[in-house]
Number of protein chains: 2
Amino acid sequence: MESLDITEVARRAGVPASTLRFYEEKGLIASIGRRGLHRLFGAGVLERLALIALGRAAGFSLDDIARMFSPDGQPSIDRQMLTAKADELDRTIRQLSAMRDGLRHAAVCPAPSHMECPTFRRILQAAASGALGPRRKTRVRSP
Amino acid sequence: MESLDITEVARRAGVPASTLRFYEEKGLIASIGRRGLHRLFGAGVLERLALIALGRAAGFSLDDIARMFSPDGQPSIDRQMLTAKADELDRTIRQLSAMRDGLRHAAVCPAPSHMECPTFRRILQAAASGALGPRRKTRVRSP
DNA sequence: GTGCAACTTGAAGTCAACTTGAAGTCAACC
DNA sequence: GGTTGACTTCAAGTTGACTTCAAGTTGCAC
C-alpha cells in the first residue's frame, strides 16, 4: 500500500505540515502508521483533505466537518445540513451583492461628498439597521 | 447641543456600550466630553457608527475604516478602494454561488454516497485546488 | 559513525473584534 | 447624607484556525 510522508501530503494537498499535524490532533485526519517517529499517511488522506477544504470553503467550522465523518471514516453528510447551508449562502450572496452594487455606485458617484449621495445614505441606513451583517475577512492562504 | 450618554448611543446604534468604549479607544469614534467620568456623545456619532457598520458589512477591517476618516473627522473615502473592494466582493460572490449550487446539488443527489456523484467530485476537485478560498463565519450579533 | 535536514512533541503565540471581570467612582434620587 | 446602580478604568479572557518555538529525535546519505 502506498504511503506518504507528511511533506509529500503537504505538497500534494497544498497545506503546511503544521496544519496536517493540527488536523490529526483534532481527529480530522489520521495517519496509517509511523516510520520511527515520522507519520505515514495513506493516499486516502488526500481525498479527506479535499473534503475538509470543501467544507471550509462552504463556511463550515472544523468541528462541523469533524461531525460529518462517521466513526468508520466514511463521510456521512446530512442532506438537510447541506440545504440549510445553501440557504445561508443564498442570504449571504444577496447581502454581498447589494453591498457590491452600493460600493460600485459610491465609487463613481458625482456627489462631492458621499454623505450627500442619496444612494450612499440609503445603504448607510441599511447598514445601521443591521440588515447587512458584519463579515469576517477571508483568510489568505500563507504563501 | 444635544448630547447622548453611552447607554443612549448604545441603544440607538444597536451596539453594546463595551463596543463603544472599544471604538473610542481605537479612535473610531470620539466623545464630545464628560459629565463627571461619564462620556457624552454628540448626535454625529450615530452617523459615524453607521459608516463603521457599513464598512464592516463590506468586509473592511476596523483599521481600514479608521483610515477612511481624515483627521478632521470627515469621511474621506478613496474611490479606488471602493472599486477594489467591489471587485473582491464579486469574486467572493462567484465562489459562494458555485458553492451554493454544489451544496444544493449534493443535497438532492440520488447517488448512494456523495463520493460517487460526479458533480460532487468536481466541486471537491475545485476545493482541493484552492479555487474556492476558505471562509470565516459571519459573526452573529449578540442578543 | 557522523552530520544534518527533516521530522517529532507540547506549549505558547497570533489575529481581530470584542467581551468580561474586578475594583473603583460618582450622579441622581430619596 | 446615604444608597444604588450605572458608569469608569485596566487587564485579561474568548474564539477559531492555525503558526511558531524550543528542545529533542531520527532516518538517511556519505
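Because the structure is a prediction, the values reported are computed rather than measured. Each chain gets a letter, A, B and so on, in the order its sequence line appears, and its residues count up from 1. The analysis underlying the following values was restricted to heavy atoms, covering all of them including side chains, and did not include hydrogens, waters or symmetry mates.
A:Glu25 has its CD atom 8 Å from the C1' atom of C:dG10, to the nearest Å. Whole-Å rounding puts the A:Arg67 CZ to D:dG16 C1' distance at 13 Å. Spacing between atom CG of A:Leu62 and atom P of D:dA17 amounts to 4 Å, rounded to whole angstrom units. A:Phe22 places its CZ atom 15 Å from the P atom of C:dG10, with the value rounded to the nearest Å. The CG atom of B:Asp63 sits 14 Å away from the C1' atom of C:dC18 (whole-angstrom rounding). The separation between A:Phe60 atom CZ and D:dG16 atom P is 16 Å, rounded to whole Å. Per the geometry, CZ belonging to B:Arg35 stands 12 Å off C1' belonging to C:dC26, to the nearest Å. Atom P of nucleotide C:dA5 and atom CD of A:Glu8 are separated by 21 Å, given to the nearest angstrom.
Residues satisfying the side-chain contact (heavy atoms from CB on, under 4.5 Å) criterion with B:Phe22, sequence neighbours excluded, are B:Lys26, B:Leu62. Listed by chain and residue number, A:Asp64 satisfy the salt bridge (Lys or Arg N to Asp or Glu O under 4.0 Å) test with A:Arg67 (two or more places apart in sequence, or in another chain). Listed by chain and number, the residues in a salt bridge (Lys or Arg N to Asp or Glu O under 4.0 Å) with B:Arg104 are A:Asp87, A:Asp90 (sequence neighbours excluded). Residues that satisfy the salt bridge (Lys or Arg N to Asp or Glu O under 4.0 Å) test with A:Arg11, not counting sequence neighbours, are A:Glu8.
Between B:Tyr23 and the phosphate of C:dC18, there is a side-chain N or O to OP1/OP2 separation shorter than 4.0 Å. The shortest distance between the side-chain N/O atoms of B:Ser18 and the OP1/OP2 oxygens of C:dT19 is below 4.0 Å.
Salt bridge annotation for B:Glu88-B:Arg91: absent, with no cationic side-chain nitrogen under 4.0 angstrom from a carboxylate oxygen.
Using a 4.0 Å heavy-atom criterion, one finds that B:Thr19 contacts the sugar-phosphate atoms exclusively.
Between the side chain of B:Arg100 and the backbone N or O of A:Lys85 there is no donor-acceptor pair closer than 3.5 Å.
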Grab the N/O contacts between the protein and nucleotides 8-10 of chain D below 3.5 Å, and write none if there aren't any.
unit_1: D:dT8; atom_1: OP1; unit_2: B:Arg39; atom_2: N; d: 2.7
unit_1: D:dT8; atom_1: OP1; unit_2: B:Arg39; atom_2: NH1; d: 3.0
unit_1: D:dT8; atom_1: OP2; unit_2: B:Arg21; atom_2: NH1; d: 2.4
unit_1: D:dT8; atom_1: O5'; unit_2: B:Arg39; atom_2: NH1; d: 3.3
unit_1: D:dT8; atom_1: O3'; unit_2: B:Arg34; atom_2: NH1; d: 3.3
unit_1: D:dT9; atom_1: OP1; unit_2: B:Arg34; atom_2: NH2; d: 3.0
unit_1: D:dT9; atom_1: OP1; unit_2: B:Arg39; atom_2: NH2; d: 3.4
unit_1: D:dT9; atom_1: OP2; unit_2: B:Arg39; atom_2: NH1; d: 3.0
unit_1: D:dT9; atom_1: OP2; unit_2: B:Arg39; atom_2: NH2; d: 2.6

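Listed by first and then second residue, the salt bridge (charged side-chain N to carboxylate O under 4.0 Å, His left out) pairs that reach into residues 32-51 of chain B are B:Glu24-B:Arg39, sequence neighbours excluded. Pairs passing the ring-ring contact (aromatic ring centres under 6.0 Å, His included) check and including a residue from residues 35-58 of chain A, sequence neighbours excluded, do not occur.
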Pairs of donor and acceptor atoms involving the side chains of residues 110-128 of chain A, under 3.5 Å and at least two apart or interchain, shall be tabulated with distances.
unit_1: A:Ser113; atom_1: OG; unit_2: A:Met115; atom_2: N; d: 3.1
unit_1: A:Arg121; atom_1: NH1; unit_2: A:Met115; atom_2: O; d: 2.8

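Base-pairing analysis of DNA chain C finds the following stems of at least three consecutive Watson-Crick or G-U pairs, with both pairing distances under 3.5 Å: C:1-30 with D:1-30.
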